[in-house]
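For the numbers below, each heavy atom of this structure counts, side chains included, while hydrogens, waters and symmetry mates do not. Each chain gets a letter, A, B and so on, in the order the sequences are listed, and its residues count up from 1.
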Amino acid sequence: MPPLMDPRRTMAADKPETIRDVKRRPHGLLVLRNEAGSGQGGVDPDGELVIGVAAGDPAAVRALVARKLPRILALARRMLTDSVEAEDVAQEVFLRIWRHAGSWRPGGARFDTWMHRVALNLCYDRLRRRREQPTAEPPEQVDAGPAPDRGLEAADVGRQVEKAMAALPSRQREAVVLCHYQELSNIDAAELMEISVEALESLLSRARRSLRVALADAARPR
Amino acid sequence: MDFDRLKQLFGVYGAEPNRWPAHERDEAIRLRSLAEPVDAPTARALDDLLDAWVVDAASLDLRRRILNQAPGLRRSTWRSLGLWVQGACLAAACAAGLLAGLSFGRVDYGGRAADRETDAVAAYDAGTIAAQPADSETT
């Protein structure tokens, strides 16, 4: 069973420190330090909730779902451009959170970063399956082109952006989703993608250039 | 930081300083206040376009499914299942009582009906008996 903080590694012989091993601080709060991994340092803002989830606290469970479900669903939706699959991914991510909350250990990457990694891995599994099992006909794309005699409505713009994003190479799309939509730091995003910050910036730069071209009709500098 | 790097930040991360690298942000904001790169409006316009892609919020059904799997709320699930079982038992008991009541009613009614039928036959027989002598007299 992989440890919570690194879904790609198998659990090694050295038993990871569990949440319950974290000692209580003098002020009574369990504080999870982010001493490595994300490069942001400081207290993990989700640490206490994860502890509550591990302890089976219903309030913590509800709070974590309220806080994280929109982020995970948006990530999966934008990576997969499919609502049903995105919901499946979100549900699977939370299933893994429930299973592994007890083995969450402080000192690694932030919980949010771990959760993103799980979600991305699930998204890539599905994208890989799509490539391996091509459908007879590609999914129908709604023509989001605007009528020539009117400006783009907000929904039209959204659909155009979705189409332009879907046309990006997957790594470029991932970089934009993580940095722009999920608002992760460049260090967290690079760590998630297992690339350097310079490589991330290169992906972002190329992605934004492509998006500018694809959305040229809609782009009006202000 | 120089203006080339500031221009690069706009091209890579867009026009919103919150998306710029934390360790460069303050210096970049200071530099931008002196002179904004010519590409800044283009970067800002692309940011706005990207923000126009809004995805649907999580449905209540998805939220419910996720919560139903959660460790702290499984007890609630079992509890609600127990309530369902209790309700089903109560309904079954009511149905059994109703059936039993109907069944007894039918026996009772049947008994009364049988009594009435017996009485009717007896009366008929009595009438017949009463009529027979007259008949026999005529024959």
**Item:** Ionic contact status for Arg212(A) with Asp39(B), cut-off 4.0 Å
**Value:** no
**Complete:** Value for NE2 (His180(A)) from CG (Leu46(B)), rounded to nearest 0.5 Å, stands at 7.5 Å
**Item:** Proximal component of Ala40(B), with respect to chain A [non-hydrogen, under 4.5 Å]
**Value:** neither
**Prompt:** Are any non-hydrogen side-chain atoms of Ser59(B) and Glu87(A) less than 4.5 angstrom apart?
**Reply:** yes
**Asked** When rounded to the nearest 0.5 angstrom, what is the spacing between CG in Asn186(A) and OH in Tyr13(B)?
**Response** 4.0 Å
**Asked** Once you round to the nearest 0.5 Å, how far does CZ of Phe10(B) lie from OG of Ser205(A)?
**Response** 14.0 Å
**Message:** Contact between Arg208(A) and Asp47(B) at the side-chain level, heavy atoms closer than 4.5 Å - yes or no?
**Reply:** yes
**Item:** Option in Leu62(B), Asn18(B), Val54(B), Asp56(B) with maximal non-hydrogen atom pairs under 4.5 Å from chain A
**Value:** Leu62(B)
**Request:** Calculate, to the nearest 0.5 Å, the distance between atoms CZ and CG belonging to Arg65(B) and Leu95(A) respectively.
**Result:** 12.0 Å
**Prompt:** Can you find a pair of side-chain heavy atoms, one from Val161(A) and one from Leu50(B), that are under 4.5 Å apart?
**Reply:** yes
**Request:** Can you establish whether the number of heavy atoms outside Leu98(B) located under 6.0 Å from its atom CG is more than 12?
**Result:** yes
**Prompt:** So, for Leu73(A) and Ala58(B), which heavy atoms are closest and what is the spacing to 0.1 Å?
**Reply:** CD2-CA, 3.4 Å
**Message:** Between Arg5(B) and Glu201(A), is the salt bridge (charged side-chain N to carboxylate O under 4.0 Å, His left out) condition met? List the steps.
**Reply:** CA-CA 12 Å; Arg5(B) 178 58 182 163; Glu201(A) 292 193 345; 2.9 Å; yes
**Complete:** Output for pair (Ile187(A) CD1, His23(B) NE2), nearest 0.5 Å, gives 7.0 Å
**Message:** Can you tell me which portion of Glu183(A) sits under 4.5 Å from chain B's heavy atoms? Options are side chain, backbone, both or neither.
**Reply:** side chain
**Complete:** Pair count under 4.5 Å, heavy atoms only, with chain A: among Ala22(B), Ala57(B), Gly14(B), highest is Gly14(B)
**Complete:** Honestly, the part of Arg78(A) sitting under 4.5 Å from a heavy atom of chain B is both
**Prompt:** When heavy-atom pairs shorter than 4.5 Å are enumerated against chain B, which of Met165(A), Gln91(A), Arg209(A) gives the highest number?
**Reply:** Gln91(A)
**Request:** Just do the side-chain contact (heavy atoms from CB on, under 4.5 Å) check on Phe94(A) and Leu67(B) with the steps written out, would you?
**Result:** CA-CA 9 Å; Phe94(A) 275 94; Leu67(B) 288 173; over 6 Å; no
**Message:** Rounded to the nearest 0.5 Å, what separates atom CH2 in Trp53(B) from atom OG1 in Thr81(A)?
**Reply:** 6.5 Å
**Request:** Examine whether an atom of Asp61(B) lies under 4.5 Å from a heavy atom of chain A, and if so say whether it belongs to the side chain, the backbone or both; otherwise answer neither.
**Result:** neither
